[in-house]
2 protein chains.
Amino acid sequence: MERPLLERIRERGWRVTPQRRAIAGAFDGDHVDLTALDVHRRAAAVLPEVSLATVYNTLNELVQAGELREVDVLPGPCRYDPNVGPEPHHHVWCTTCGSLFDVRPTGLAGLAVPAAQRHGVEVADVQVLFRGTCRDCTLH
Amino acid sequence: MERPLLERIRERGWRVTPQRRAIAGAFDGDHVDLTALDVHRRAAAVLPEVSLATVYNTLNELVQAGELREVDVLPGPCRYDPNVGPEPHHHVWCTTCGSLFDVRPTGLAGLAVPAAQRHGVEVADVQVLFRGTCRDCTLH
DNA sequence: GTATATGCAAAGCATTTGCATTAAA
DNA sequence: TTTAATGCAAATGCTTTGCATATAC
């Protein structure tokens, strides 16, 4: 679990504006991965005037600063994940409702690409996506 | 390795038009995963009048028919993969130039999500993405 | 001949950008 | 007071759609 985003913004010496407070606040609690629209919806609940452009700009700045991770492993809009710890992490996704959860799978260490299939790519990183159906969607 | 797309179109009783011939032809050879624009570029090399809308429409029809697989595991436009065999497959991706290759990793069988982390999702499927840098990009 | 595929141009999202205005420090 | 952040509205990139025209069967 990470330190709150707002604290990390402050530590970077960035200006603390009401918008940034609202945007950072959107990630408080159980850190789900949010779309820009999710973030805007949550931020606007606290600060109705916050603009979508500012949400996008701020999310991008945070990604560039390494304080958010872009999760772009599934169809639809990009998601943002405040959990940027050292160990890469992975996801479980309900293909029906789109719910997305962080997960730390077992057996990662055994994964490898046979050299003959690497096409000259030096592998730096692995991302695993488990797809399935969540209980709510199974029950209709 | 799959049978040529055009043959599969014919077998479905679909009309064989010059456009469909050109679009199917784009996937001949080593089956890279192509974007719609890639397909359009290749198809237009053979049939200059083919429209991008037709490329999109045709790709979607082929996806719905199960003759193409959408690969939507990375940023940027969706890619289409003519290799729709039973075994799910995985990808190696150069994060610099965007090259994408199919891969059959070892160690897949050992991958699992601890029950406590499943958030009620019944896992049906796994997709693995290896990210790295290809030789060309490393050498500049 | 008839059903189906095509092309165009317009519309739809998600996202980015330019620039004048506002506000944090 | 200065520098940086915001909001707007317009632009972008990818993809879809409606509809009249063309064409495979």
Side-chain angles (χ1 to χ4, degrees), chain A residues 5-26 33-44 46-65 67-80 98 100, chain B residues 5-26 33-44 46-65 67-80 98 100:
Chain A
L5 257 186
L6 186 60
E7 245 175 70
R8 299 191 254 151
I9 286 174
R10 219 187 293 272
E11 276 163 20
R12 287 187 170 267
W14 292 9
R15 292 191 181 170
V16 175
T17 63
Q19 289 83 347
R20 286 181 172 167
R21 237 190 311 270
I23 290 166
D33 300 328
L34 305 170
T35 65
L37 245 49
D38 291 336
V39 174
H40 184 244
R41 196 176 315 115
R42 290 183 181 208
V46 164
L47 185 79
E49 328 83 84
V50 68
S51 82
L52 189 49
T54 294
V55 168
Y56 274 108
N57 290 160
T58 306
L59 292 175
N60 283 338
E61 287 157 12
L62 288 167
V63 166
Q64 261 147 25
E67 299 291 3
L68 283 180
R69 190 186 303 234
E70 286 192 277
V71 179
D72 216 339
V73 292
L74 33 98
C78 174
R79 317 229 180 176
Y80 297 87
L100 185 67
Chain B
L5 256 185
L6 187 60
E7 245 177 69
R8 300 192 254 151
I9 286 174
R10 221 187 291 272
E11 275 163 20
R12 288 187 171 267
W14 292 11
R15 292 191 180 172
V16 176
T17 64
Q19 289 82 347
R20 285 181 174 166
R21 237 190 310 270
I23 290 166
D33 300 327
L34 305 170
T35 65
L37 244 50
D38 292 335
V39 174
H40 184 244
R41 196 176 315 115
R42 292 184 180 207
V46 164
L47 186 78
E49 328 83 84
V50 67
S51 82
L52 189 51
T54 295
V55 168
Y56 274 110
N57 290 159
T58 307
L59 292 175
N60 284 337
E61 287 156 13
L62 288 166
V63 167
Q64 262 146 25
E67 299 289 5
L68 283 181
R69 191 186 301 236
E70 286 191 278
V71 179
D72 216 340
V73 293
L74 32 99
C78 174
R79 318 229 179 177
Y80 298 87
L100 186 66

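Naming convention: chains lettered A, B, ... in sequence-line order (proteins, then strands); numbering from 1 in each chain. What you are looking at is a predicted structure, and each value in this text was computed from that prediction instead of being measured.
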Earlier contact from the 5' end, DNA chain D, for A:Ile23 and B:Pro18: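 The residue closer to the strand's 5' end, by nearest nucleotide, is A:Ile23.
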Residue whose nearest DNA chain D nucleotide is more 5′ - A:Glu49 or B:Glu70: A:Glu49
Report yes if some heavy atom in the side chain of A:Leu62 is under 4.5 Å from a heavy atom in the side chain of A:Trp14; otherwise report no. yes
Do A:Leu52 and A:Leu37 have side-chain heavy atoms sitting under 4.5 Å apart?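 A side-chain contact exists here, since the closest heavy-atom pair is under 4.5 Å.
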I need the full list of salt bridge (Lys or Arg N to Asp or Glu O under 4.0 Å) pairs touching residues 50-60 of chain B, with sequence neighbours left out, sorted by first then second residue.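 As it turns out, there is no salt bridge (Lys or Arg N to Asp or Glu O under 4.0 Å) pair with a partner in residues 50-60 of chain B once direct neighbours are skipped.
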With sequence neighbours left out, which residue pairs that include part of residues 15-26 of chain B fulfil the salt bridge (Lys or Arg N to Asp or Glu O under 4.0 Å) condition? B:Arg20-B:Glu61
Please report the interatomic distance [atom1]([X]) to [atom2]([Y]), rounded to the nearest 0.5 Å.
X: B:Asp72; Y: A:Leu74; atom1: CG; atom2: CG; answer: 8.0 Å
X: A:Ile23; Y: A:Leu5; atom1: CD1; atom2: CG; answer: 10.0 Å
X: A:Leu68; Y: A:Tyr80; atom1: CG; atom2: OH; answer: 8.5 Å
X: A:Leu47; Y: A:His40; atom1: CG; atom2: NE2; answer: 9.0 Å

Leading and trailing nucleotides of DNA chain D with any atom under 4.0 Å from heavy atoms of chain B: D:dC14 to D:dC25
Contacts under 3.5 Å, N or O only, protein and nucleotides 15-17 of chain C:
from   : atom 1 : to      : atom 2 : distance (Å)
C:dT15 : OP1    : A:Cys78 : N      : 3.1
C:dT15 : OP2    : A:Tyr56 : OH     : 2.6
C:dT15 : O5'    : A:Tyr56 : OH     : 3.4
C:dT16 : OP2    : A:Asn60 : ND2    : 3.0

Sorted by chain and number, sequence neighbours left out, side chain to side chain donor-acceptor pair (under 3.5 Å) with B:Arg12 holds for B:Glu67
Report yes or no: does B:Asp38 contribute a side-chain atom to a donor-acceptor pair with the main-chain N or O of B:Thr35 at less than 3.5 Å? yes
Indicate the atoms forming the closest heavy-atom contact of B:Leu34 with B:Ala26, along with that distance.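 The answer is CD1-O, 3.4 Å.
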Among residues 6-14 of chain B, which ones have heavy-atom contacts with DNA chain C below 4.0 Å?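 Close to the strand, none.
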Choose from C:dT6, C:dT2, C:dG7 the nucleotide whose nearest atom is closest to any side-chain atom of B:Ser51. C:dG7
Counting only side-chain nitrogens and oxygens, does B:Arg15 get under 4.0 Å of the OP1 or OP2 atom of C:dA3? no
B:Leu59 CG to C:dA5 P: how many Å, rounded? 15 Å
